[in-house]
Amino acid sequence: MSDHSFREIEKKIQQRWLKEQTFRVDNHSDKPKYYVLDMFPYPSGAGLHVGHPLGYIASDIVARFKRLKGFNVLHPMGFDAFGLPAEQYAIQTGQHPAVTTEDNTARYREQMQALGFSFDWSREFKTSQPDYYRWTQWIFQRFFEYWYDKALDKARPISELVSAFEQNGTAGLNPAVFDENVIEFKADFWNSLSESEKQRRLMYYRLAFLAHVTVNWCPGLGTVLANDEVKDGVSERGGFPVERKQMNQWCLRITAYADRLLEGLDALDWSDAVKEMQRNWIGKSRGASIIFLTEVNNVAIEVFTTRPDTIYGVTFICIAPEHRLVQYLTTEDHLEEVTSYVESVKNRSERDRMSEVKRISGAFTGSWAINPLDDKHRIPIWVADYVLAGYGTGAVMAVPSSDIRDYAFAKHFGMRITTVLEGSNTDISVEGFDPKAGTMINSGDLNGLTVPKAIDAAITIIETEGFGKGRIIYRLRDALFSRQRYWGEPIPIYYKDNLPHLLPDSELPLILPEIDAYKPTETGEPPLARALDWFYNTETAVAGGTTDNFPLETNTMPGWAGSSWYFLRYMDPANADAPFSAEAAKYWNQVDLYLGGSEHATGHLLYARFWTMFLYDMGLLNFSEPFKRLVNQGMIQGVSEKTTLRLRKMVNIDNLEVNKFQFLSADLPASEFEHSDNVTLIDVSADITMVKDGELDLEAFVAWRPEYADAVFITAGGFIKNGVFSPDPGKENPSSKFLTRQEVEKMSKSKYNVVNPDDVIADYSADTLRVYEMFLGPLEQSKPWSTHGIEGTWKFLRKYRRLFFDDKDNFKVSEAEPTADELRVLHKAIRKVEDDIERLSLNTAVSTFMICVNELQSLRCNKRAVLEPLTILLSPYAPHLTEEIWALLGYSDSIAFAQWPVWNEEFVKDNTFECPVSINGKVRVKLTFPLNTTAAQIETETLANDAVQKFLEGRTPKKIVVVPNRIINLVM
RNA sequence: GCGGAUGUGGCGAAAUUGGCAGACGCACCAGACUUAGGAUCUGGCGCCUUACGGUGUGUGGGUUCAAGUCCCUCCAUCCGCACCA
């Protein structure tokens, strides 16, 4: 392209695309559909950096490619706009989150449009706009109105449960319930209950239910968090400590779908890594629950184990400190010890508990249990924090000989160890291990059985004797749905007689109210409680109703609510009567290709599958998995420029403490510099724009950080102070260069390593950036951003353009018939590029283009019949440049309406092929054969060849291997 | 500890099914043109060797006429989960 005219051209073309709505797509078409989707972004204040577009470029290439292949392509974009950063910004500045969000989305949209993405912007929405969250609220209400029938394995309306109760009580029902120990009852009992008592009981069955649960409470954020929002005991956002707390909260019964979420994975075209992450997150375990009677009256302990085969090896029982039986089992003389132990566990934060995993602690309750299979020994009952209250039954039967944790505990407290498995050479008196194979010994009726058989036999015995049963449990917990925040969807619930009721449909959306401050009230209520008129006035909605005002729910929905179904709204974004129409959902169906980061593996991707399954159960969808194919693009990391600050605290003449700043150049060994109590070495990130070839621009740095104006910068050859270099005496050519060291980190504002795509576009053009990001390497790999090599793609695009122009920059495309050589080059590219895009190997396609353009250039090809199809091929990668050429070629329509060229085999194949002849695996000579030569002919001709005979030295090979993909091997 | 991935020149990387390893690009070297340039073009470029040749895909072994690719061992790096009974 002649110099920098691309900026105007790209802008002009983008405006035309917007004006003509080139990429607007209709819900009705004779063409087959293709739905390609990016995980929509949370619009942060920092704007896009060069890492963000990676996935968008890839999806855009696929979208444009599929369009050219004759598909009706849905390729939308929107914004996940509710979330914490906007709210925290609001707390600090008083700026309404809606305003911040609006600014940020505008900036994101502008940046995306500058990259030339072919999104259908007419379908764009934000999750925070009322006409969208109205339907998020509506779906929540359906969750509330449904229960899960485990017999039919689907969600059903709660009304059907009520009529079942009215007719037969709980008989014949298998519902998913909050409390496993739900009582069975008869129809008479149900019908005798008061309305509010009925409602209270129904709460245990609803898919959206209010329950007193242990939650991850984050005081730093003032809200509870779901399990996937907590990493290493601190909040994922902000990194604040998290503690366990009992609270009354809304939950979604995702556990009812555990099996379907697990089984559905098999059919999905997702990476093994993400599938495996979801499997682990769901954490299905088969085993048995076993009831141990205790010597305390009327108290039995139910334990869960995956190894019922080892029951004869049980030498003690441990229960979680939070276990409800602790109070009953603790005897008088152990009360003090147990109470103080339980207290000490309770007062530790999650992070402390995690970091002390290896420390063994526990307390004896003073009570004893009896092994139901083996009453020779009494079994002591302990309280120990290595047993988790939230998993299984919160109690374990400890088998030190077959479990390393039980072993460690037994050793620490001097417990008996009984070996029940034979066939390992580990000495159990020295170290613990987890034997998963072997033969049972010391195990009564189980003796002589192998582990898998013994597990089955043990379950049979346990079940027939009636003290337990085979059971499957999951690690997955129900999803906590309440957040004590402002900037989220209000939960469409009001309370009457202390019971939650759905707001009538006519009252939706329940609009987020204006409030005076975005933080909790003095009494600790969520921010929505600040809205003084936050009551539901029944008179306004229900004719003839009371004039009472009922309090509305003050919690809001979590960040993942809006993102759990947004991909469905794109299908029918303006629908005011339903979240989406049945026809639209039927036409667009599953997302064919979903692109996004792998950080959502156990959060968004699981919730979205769960919601889709629920909507499928409701009959609103005819598919139950939302994302057919998932590709996780890698992260583009930033390269930070680090420098070492040596901070020395000194006392000056006036006895005041002052800081002395010294910076050390990266070529100096920092470790050799003095360390003492009043000296600390600190890593400081310099803005990457101030560094060139590793050298820091000190003037710019000091101007940027005035607090370092008087700092001393020590270099290899002296030091710099106030911009003046003082060389070390006695050094030849003392270096005044102050160097930084590079570190690859996540791109982030706080590390000053963010590269803005706008700058790259200004320097090279959007097309260059697109091609370059794809050329960088495989899509799924993470890689540090580097502009080394961007010249290569820039040069390639110019070379491509030059094919169409003569020396004087006049457009000159010949109408002459192309030669076979020219067509061969073109068709090789068609085949390879098509295949590469289909496989999402977008980097190798770029190489193919480069080779193709180089070859056409050396053939001096300027024939329309070759260049026009090539332009179509390249258009998904470099849409602006190709669009410009398209117009010059004489087409008034956008290139998006062109037809992908068809690969013609005849031009790709040579009429001969070259065939290396190897003798005992060593390549000796190459022969050329016509294309249609048979294997037998190749054999004869090879043996007859003089050059081959020279190597054979008159001998005959024992075996001749002729491989279809052109290699001949003679085995001597 | 468990699970998933990755390992190829100075660098980013190719190599669809086991079939001439290093395509393509960057960097580097040499040359052409030149109004001497951050333009363009041509050639070279894994390592050892002047060459012939040898050697080479993290380590060690195996299968095969043939291994970057398949199997086993170990090592390194990254990611996820982590007292899950």
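Naming: A, B, ... by sequence-line order, numbering from 1 per chain.
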Gap between atoms [atom1] and [atom2], on [X] and [N] respectively (whole Å):
| X | N | atom1 | atom2 | value |
| --- | --- | --- | --- | --- |
| A/N969 | B/rG18 | CG | P | 16 Å |
| A/E780 | B/rA13 | CD | P | 14 Å |
| A/E855 | B/rU42 | CD | P | 12 Å |
| A/K832 | B/rC24 | NZ | P | 12 Å |
| A/K783 | B/rC26 | NZ | C1' | 16 Å |
| A/Y391 | B/rA85 | OH | C1' | 7 Å |
| A/F775 | B/rG12 | CZ | P | 13 Å |
| A/W785 | B/rG12 | CH2 | P | 16 Å |

On a whole-Å scale, what distance lies between the [atom1] atoms belonging to [N] and [M]?
| N | M | atom1 | result |
| --- | --- | --- | --- |
| B/rA13 | B/rG46 | C1' | 14 Å |
| B/rC70 | B/rU17 | C1' | 13 Å |
| B/rU34 | B/rC47 | C1' | 38 Å |
| B/rA51 | B/rA32 | P | 24 Å |
| B/rC74 | B/rG19 | C1' | 29 Å |
| B/rU55 | B/rU49 | C1' | 11 Å |
| B/rG10 | B/rC45 | C1' | 11 Å |
| B/rU69 | B/rC79 | P | 26 Å |

Can you check whether [X] has a side-chain N or O nearer than 4.0 Å to OP1 or OP2 of [N]?
| X | N | answer |
| --- | --- | --- |
| A/S918 | B/rG19 | no |
| A/R475 | B/rC81 | no |
| A/K959 | B/rC65 | yes |
| A/Q857 | B/rC41 | yes |

Which nucleotide, in any strand shown, forms a Watson-Crick or G-U wobble pair with [N], with both distances under 3.5 Å?
| N | result |
| --- | --- |
| B/rA66 | none |
| B/rA15 | none |
| B/rU34 | none |
| B/rG46 | B/rU55 |
| B/rA21 | none |
| B/rC81 | B/rG1 |

Next on the checklist: Just to verify, which of A/E745, A/Q742, A/R741 counts as forming a side chain to side chain donor-acceptor pair (under 3.5 Å) with A/S640?
Outcome noted: A/E745
Checklist entry - If you pin A/Y474 and A/M277 to their nearest nucleotides in RNA chain B, which one's is more 5'? => result A/M277
Checklist outcome for this item: Between A/S598 and A/Y386, the residue closer to the 5' end of RNA chain B by nearest nucleotide is A/S598
Next on the checklist: Can you confirm if the aromatic rings of A/Y800 and A/F849 lie within a centre distance of less than 6.0 Å?
Outcome noted: no
Item to check | Ring center gap for A/W560 and A/Y607 short of 6.0 angstrom | outcome: yes
Mind checking [X] for me? I need base, sugar-phosphate or nothing, with any heavy atom below 4.0 Å counting as a touch.
| X | answer |
| --- | --- |
| A/D385 | base |
| A/Q781 | sugar-phosphate |
| A/P778 | sugar-phosphate |
| A/N843 | sugar-phosphate |
| A/K795 | sugar-phosphate |
| A/K799 | sugar-phosphate |
| A/V399 | nothing |
| A/L388 | base |

Checklist entry - Minimum heavy-atom separation for A/Y877 to A/A845, with atom names? => result OH-CB, 3.2 Å
Checklist entry - Testing A/I57, A/I790, A/T793 for side-chain contact (heavy atoms from CB on, under 4.5 Å) with A/V771, which one passes? => result A/T793
Next on the checklist: What verdict does the side-chain contact (heavy atoms from CB on, under 4.5 Å) test give for A/F467 and A/L373, after you've listed the backbone C-alpha separation in whole Å, the side-chain angles of each residue and the deciding distance to 0.1 Å?
Outcome noted: CA-CA 10 Å; A/F467 48 82; A/L373 283 188; 3.6 Å; yes
Item to check | Cationic N near anionic O, under 4.0 Å, A/D835 to A/R839 | outcome: yes
Checklist entry - Can A/R279 and A/D266 be counted as an ion pair, charged N to O under 4.0 angstrom? => result yes
Closest to the [X] side chain, choosing from [options]:
| X | options | answer |
| --- | --- | --- |
| A/T844 | B/rA14, B/rC24, B/rU16 | B/rA14 |
| A/D272 | B/rA85, B/rU40, B/rG4 | B/rG4 |
| A/S285 | B/rU16, B/rA85, B/rG19 | B/rA85 |
| A/N280 | B/rG19, B/rA14, B/rG3 | B/rG3 |
| A/R802 | B/rU40, B/rG3, B/rA85 | B/rU40 |

Next on the checklist: Regarding A/D228 and A/T602, do their side chains bring together a donor and an acceptor under 3.5 Å, going by distance alone?
Outcome noted: no
Checklist entry - When you check the glycosidic angle of B/rG9, does it come out syn, meaning within 90° of 0, or anti? => result syn
